[in-house]
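Below is one structure, written out as structure tokens, with a few remarks after it.
Since the model is a prediction, treat every value here as computed from it, not as a measurement. Counting begins at 1 with the first residue of the sequence. Quick note: numbers below take in every heavy atom, side chains included, and nothing from hydrogens, waters or symmetry partners.
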Amino acid sequence: MKKILLYFLAFAACLYTSCKKDLGNYNYSPPSEPVIKGIKDVNLSAAIGDSLIIKPEVSLADADPLKDLDFEWRITIIEELREASFKGYPLKMLYNLGTGERPARLVVTDKRNGLIYKYNFKITGVTQFSAGTVILSNEGGTAKLSFVKPDNTVLANIYESLQSGTLPKNPVQLYYSKPLPYQLQSKEEYWVMCDDPTTGSVIVTPSTLQYKDNFKSQFFLPPTTIVPGNLETFMGTISHGVINNKLYIGIQSTAPFAPDYGKFANEQIGDYQVSPFITHGGAFYLGYDVKTKGFITFDGGGNYQGKTYNSGTPPTVPFDPKSTGLSNLVYMKASSSGTTYAFFREEDGITYELKFNNQLTADSKSIVAEHKRIFAGSTNVKADSKWVRNTVNVFYFSSDDKIYRYNPISESLELQEANFSGKKISMLKISADNNRLYVGVDDALHTLDISGDKKGNILSTINGIPGAPVDFLTRTN
């Protein structure tokens with residue numbers, strides 16, 4: 001038995017070594033793979049109504065790529081839940097699949113062996129209005145829209161040039177509802193907000209700058225009259241707004257591409273008349289009630305909570321946030337927490353500065369006054385002064401044709417250098433990095449340098465704007 005076992009082991013060893021020696025003795029020639037350059041993971045721009053030609057570099061060793069490969073181009077139209085498919089090399093088409101970014105894929109099939117190769121990329125549909133600056137201005141009481149191309153070419157009053165009819169009266173704000181970064185083909189609109197009881201406000205298509213709808217379509221049950229206050233955004237789409245002195249919150253419980261996404265339902269219920277200067281701090285909304293002359297709050301969902309916050313007790317605090325006695329709030333941009341300043345210009349022409357500390361969370365709420373004083377620049381504040389604040393509580397405000405910088409810590413007031421030759425300032429905006437001021441005056445939009453120790457010198461000017469700019473926005477794609 002032992003001899004049989006030894007013979008078996010010896011036979012197995014011989015078999016193993018013979019197989020091992022045989023490794024590598026076969027000649028195997030794998031099929032050549034196609035090499036596609038200039039397509040994978042790129043984002044290609046396609047002008048609507050223009051020819052789109054995609055011709056990546058293709059090579060196939062020891063074969064003819066045009067004879068031995070099949071090419072299929074698949075472009076996803078998300079809102080229609082379908083793919084557009086095109087065969088052949090290169091891709092040639094008249095691009096008519098709309099604006100915005102679309103996922104695409106090149107599928108290459110090797111006809112010699114049936115192997116399939118896939119290359120993902122993107123196509124972004126654009127128009128001449130996809131990149132540039134849109135300016136809303138007031139000419140004789142009527143809203144005007146102009147477009148400035150990246151090369152600074154001004155298409156003045158472009159809205160009326162493209163269609164019959166005019167925009168409403170008394171423009172207030174230009175609002176851009178852009179596609180969400182995580183949801184392709186979600187809502188993209190311009191809202192031209194106007195204080196026009198007869199016509200209301202309008203919605204404009206960004207890719208064409210043509211009329212799309214009346215702003216009343218943004219409501220499930222529109223109010224009889226819509227008086228715009230101020231609209232704020234969150235991640236590029238509607239968050240909340242003050243309309244008819246009431247807080248409205250856009251519906252975000254539906255899919256972002258659904259028609260109802262961002263629409264307004266009813267006003268947030270409560271006995272209040274809130275000013276346009278309302279702040280959303282995540283767990284709260286903070287505003288000023290012009291009816292009771294005090295600061296009011298809403299919870300994170302917009303439910304009215306009024307004055308249910310801790311405010312301290314006079315005379316231990318310099319004023320009562322729940323009843324300031326002041327009527328005309330001209331500017332407030334509250335911090336999410338910490339120090340906030342509010343400015344009131346009263347009927348006697350005196351402007352007051354209020355400072356308070358707001359701590360508003362889901363667990364505790366307090367607004368504690370810190371000071372009330374006559375604003376250091378009170379004599380310079382006009383009824384139509386424009387205001388902005390940077391991220392460190394330094395303020396800029398206009399006074400006819402001049403701009404002042406105000407630091408509330410030192411109460412320093414500094415006149416900026418820009419000279420507008422007597423033209424009254426109609427608009428003030430500040431860049432996100434605090435380095436630029438954008439100033440509108442009749443016929444022009446100026447960019448001022450306020451970085452570092454700069455004092456507001458003019459960097460650039462866009463001329464040829466009909467009337468006086470009220471608002472603007474810049475799109476890069």
Pair listing, salt bridge (charged side-chain N to carboxylate O under 4.0 Å, His left out) test, anchored in residues 119-131, at least two apart
Glu101-Lys122
Salt bridge (charged side-chain N to carboxylate O under 4.0 Å, His left out): pairs with one or both residues in residues 156-177, sequence neighbours excluded:
Lys144-Glu160
Hey, do the aromatic rings of Trp191 and Phe215 have their centres closer than 6.0 Å?
yes
For Lys455, does the NZ atom have more than 12 heavy-atom neighbours from other residues, nucleotides or ligands under 6.0 Å away?
no
Main-chain N/O of Asp363 paired with Thr361 side-chain donor or acceptor, under 3.5 Å:
yes
Using the ring centroid of each side chain, check whether Tyr404 and Phe395 are separated by less than 6.0 Å.
no
Within the distance-only criterion (no hydrogens, no angle test), does the side chain of Thr205 pair as donor or acceptor with the backbone N or O of Leu209 below 3.5 angstrom?
no
Here the ring pair (Phe, Tyr, Trp, His ring centres under 6.0 Å) pairs for residues 424-463, sequence neighbours left out, are Phe420-His446, Tyr438-Phe472
What I want to check is whether the side chains of Asn434 and Thr391 have a donor and an acceptor closer together than 3.5 Å.
yes
Test item: Ser431 side-chain N/O and Asn435 main-chain N/O as donor-acceptor pair under 3.5 Å:
yes
Any sub-3.5 Å donor-acceptor pair from Asn390's side-chain atoms to Val394's backbone N or O?
yes
Could you tell me which non-hydrogen atom of Ile462 sits nearest to which non-hydrogen atom of Val148, and how far apart they are?
CG2-CG2, 3.9 Å
Check: Glu370 main-chain N/O paired with Lys355 side-chain donor or acceptor under 3.5 Å
no
Can you list the steps and then say if Thr153 with Asp151 is a side chain to side chain donor-acceptor pair (under 3.5 Å)?
CA-CA 6 Å; Thr153 301; Asp151 63 1; 2.8 Å; yes
Would a distance-only check, ignoring hydrogens and angles, find a side-chain to backbone donor-acceptor pair under 3.5 Å from Asp449 to Arg436?
no
Under a 4.5 Å cut-off applied to non-hydrogen side-chain atoms, are Arg389 and Met332 in contact?
no
Please determine whether side chain to side chain contact (heavy atoms under 4.5 Å, CB included) holds for the pair Leu360 and Thr297, giving the CA-CA distance in whole Å, both sets of side-chain angles, and the decisive distance to 0.1 Å.
CA-CA 9 Å; Leu360 301 169; Thr297 64; 4.0 Å; yes
Does any non-hydrogen side-chain atom of Tyr331 lie less than 4.5 Å from one of Thr351?
no
Do Phe147 and Tyr159 have ring centres separated by under 6.0 Å?
no
Counting only N and O atoms by type, is there a donor-acceptor contact under 3.5 Å from the side chain of Ser137 to the main-chain atoms of Ile465?
no
Would you say Asn328 and Val290 make side-chain contact, with heavy atoms under 4.5 Å?
no
So that I can tick it off, tell me whether Lys212 and Glu188 are bridged by a salt bridge, with the cut-off set at under 4.0 angstrom between side-chain N and carboxylate O.
no
Does Lys372 pair with Glu353 as a salt bridge, N-O distance under 4.0 Å?
no
Ring centroid separation Trp387 to Tyr341 under 6.0 Å
no
For the residue pair Pro223 and Phe219, what are the closest heavy atoms and their distance?
CD-CD2, 3.7 Å
From the list Phe295, Tyr272, Phe277, ring-ring contact (aromatic ring centres under 6.0 Å, His included) partner of Tyr288 resolves to Phe295
Using the side chain to side chain contact (heavy atoms under 4.5 Å, CB included) rule, pick out the option among Tyr352, Phe397, Tyr406 that qualifies with Phe343.
Tyr406
Check: Ile367 and Gln359 side chains under 4.5 Å, non-hydrogen atoms:
no
Can you name the nearest heavy-atom pair linking Ile123 to Ala46, along with the distance?
CG2-CB, 3.8 Å
